[in-house]
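One structure is given here, and the rest of the page talks about it.
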Amino acid sequence: MEYVIGVGAAAAVGLFASVVGFDKERSFYPVVLIVIATLYLLFAAMAKSTDSLVAEAIPALVFVAMAVLGFRKTPWFVVAGLALHGVFDFFHHAVIENPGVPAWWPGWCLAYDVVAAAYLAALILIRRASHAA
C-alpha cells in the first residue's frame, strides 16, 4: 500500500506544482530533493540516535550536493539524485541502522522518488521540445 500512496503523492505534487507554476522556478525540484534527503536525519533525531544521525549525514550531503549541481548546472542532476535516492531507500536498512525510520517509509519514499524523477525528466524533455519548436 505504501508504494501506491508514494506513487500517488509524487504524481499529485508534480501535477500541483505544474498547475500552480511552482516548478517553473529552477529551485523547486532541487529543494524537493534536499527535503527528501534530510528526512532520514529527522528520523534519527526523533529516535535520539546520534550514531544514526552521523551515519545519515553522509548520504544526505551527497544528495544535497546533487541538488546544488542540478540548480547550478543542469536539472538532470536532480533527476539522477531523485532516482538514486529511490535506490538508496531500497538498500537503506542494510546500510544504515536508524530506529526512527517507520516500517512503511522505505517503500513509500522509493515509490515517491522514482515517480518524482520520472515526472521531472518528462517535464525537462517536454519543455525542451516546446522551446525547440
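- Residue F88 is grouped with residue I36 when hydrophobic side chains (ILVMFWY) are merged at heavy-atom distances under 4.5 angstrom, including chains of intermediate members.
- Counting heavy atoms from C-beta outward, V79 and Y29 have side chains that stay 4.5 Å or more apart.
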Only pairs under 3.5 Å count here: list side-chain donor-acceptor contacts from residues 51-59, not counting sequence neighbours, and write none if there are none.
from: S52; atom 1: OG; to: S49; atom 2: OG; distance (Å): 2.8
from: S52; atom 1: OG; to: E97; atom 2: O; distance (Å): 2.6
from: E56; atom 1: OE1; to: H92; atom 2: NE2; distance (Å): 3.1
from: E56; atom 1: OE2; to: H92; atom 2: NE2; distance (Å): 2.6
from: E56; atom 1: OE2; to: N98; atom 2: ND2; distance (Å): 2.9

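- Summarising the geometry of S27 relative to P30, their closest heavy-atom pair is O-CD, 3.3 Å, with the distance given to 0.1 Å.
- The side-chain heavy atoms of I96 and Y40, taken from C-beta on, include no pair separated by under 4.5 Å.
- A single hydrophobic cluster is not seen to contain both V19 and F28; linkage of ILVMFWY side chains at heavy-atom distances under 4.5 Å, directly or through other members, places them apart.
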Could you tabulate the donor-acceptor pairs under 3.5 Å formed by side-chain atoms of residues 2-13, not counting sequence neighbours?
none

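- V68 and L61 sit in two unconnected hydrophobic clusters of ILVMFWY residues. Membership requires side-chain heavy atoms under 4.5 Å apart, directly or through other members.
- Nearest heavy-atom pair, R26 versus K73, reported as atom, atom and distance to 0.1 Å: NH2-O, 3.3 Å.
- Residues satisfying the ring pair (Phe, Tyr, Trp, His ring centres under 6.0 Å) test with F91, not counting sequence neighbours, are none.
- When the ring pair (Phe, Tyr, Trp, His ring centres under 6.0 Å) test is applied to F77, no partner is found at least two apart in sequence or on another chain.
- V31 places none of its side-chain heavy atoms less than 4.5 Å from the side chain of E25.
- Using a 4.5 Å heavy-atom threshold, the side chains of I124 and W76 count as touching.
- Rounded to the nearest 0.5 Å, atoms CD1 (I34) and CG (L39) are 12.0 Å apart.
- Residues forming a ring pair (Phe, Tyr, Trp, His ring centres under 6.0 Å) with F22 (at least two apart in sequence, or on another chain): F16.
- Under the 4.5 Å side-chain heavy-atom criterion for ILVMFWY residues, a single connected hydrophobic cluster contains both V95 and L42.
- L123 is connected to L33 through a chain of hydrophobic side-chain contacts under 4.5 Å among Ile, Leu, Val, Met, Phe, Trp and Tyr, so both are in one cluster.
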Could you give the side-chain donor-acceptor pairs of residues 108-121 under 3.5 Å, partners two or more places apart or in another chain?
from: D113; atom 1: OD2; to: H85; atom 2: ND1; distance (Å): 2.6
from: D113; atom 1: OD2; to: G86; atom 2: N; distance (Å): 3.4
from: Y119; atom 1: OH; to: G14; atom 2: O; distance (Å): 3.0
from: Y119; atom 1: OH; to: S18; atom 2: OG; distance (Å): 2.6

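- Shortest non-hydrogen contact noted between P99 and A47 is CG-CB, 3.8 Å.
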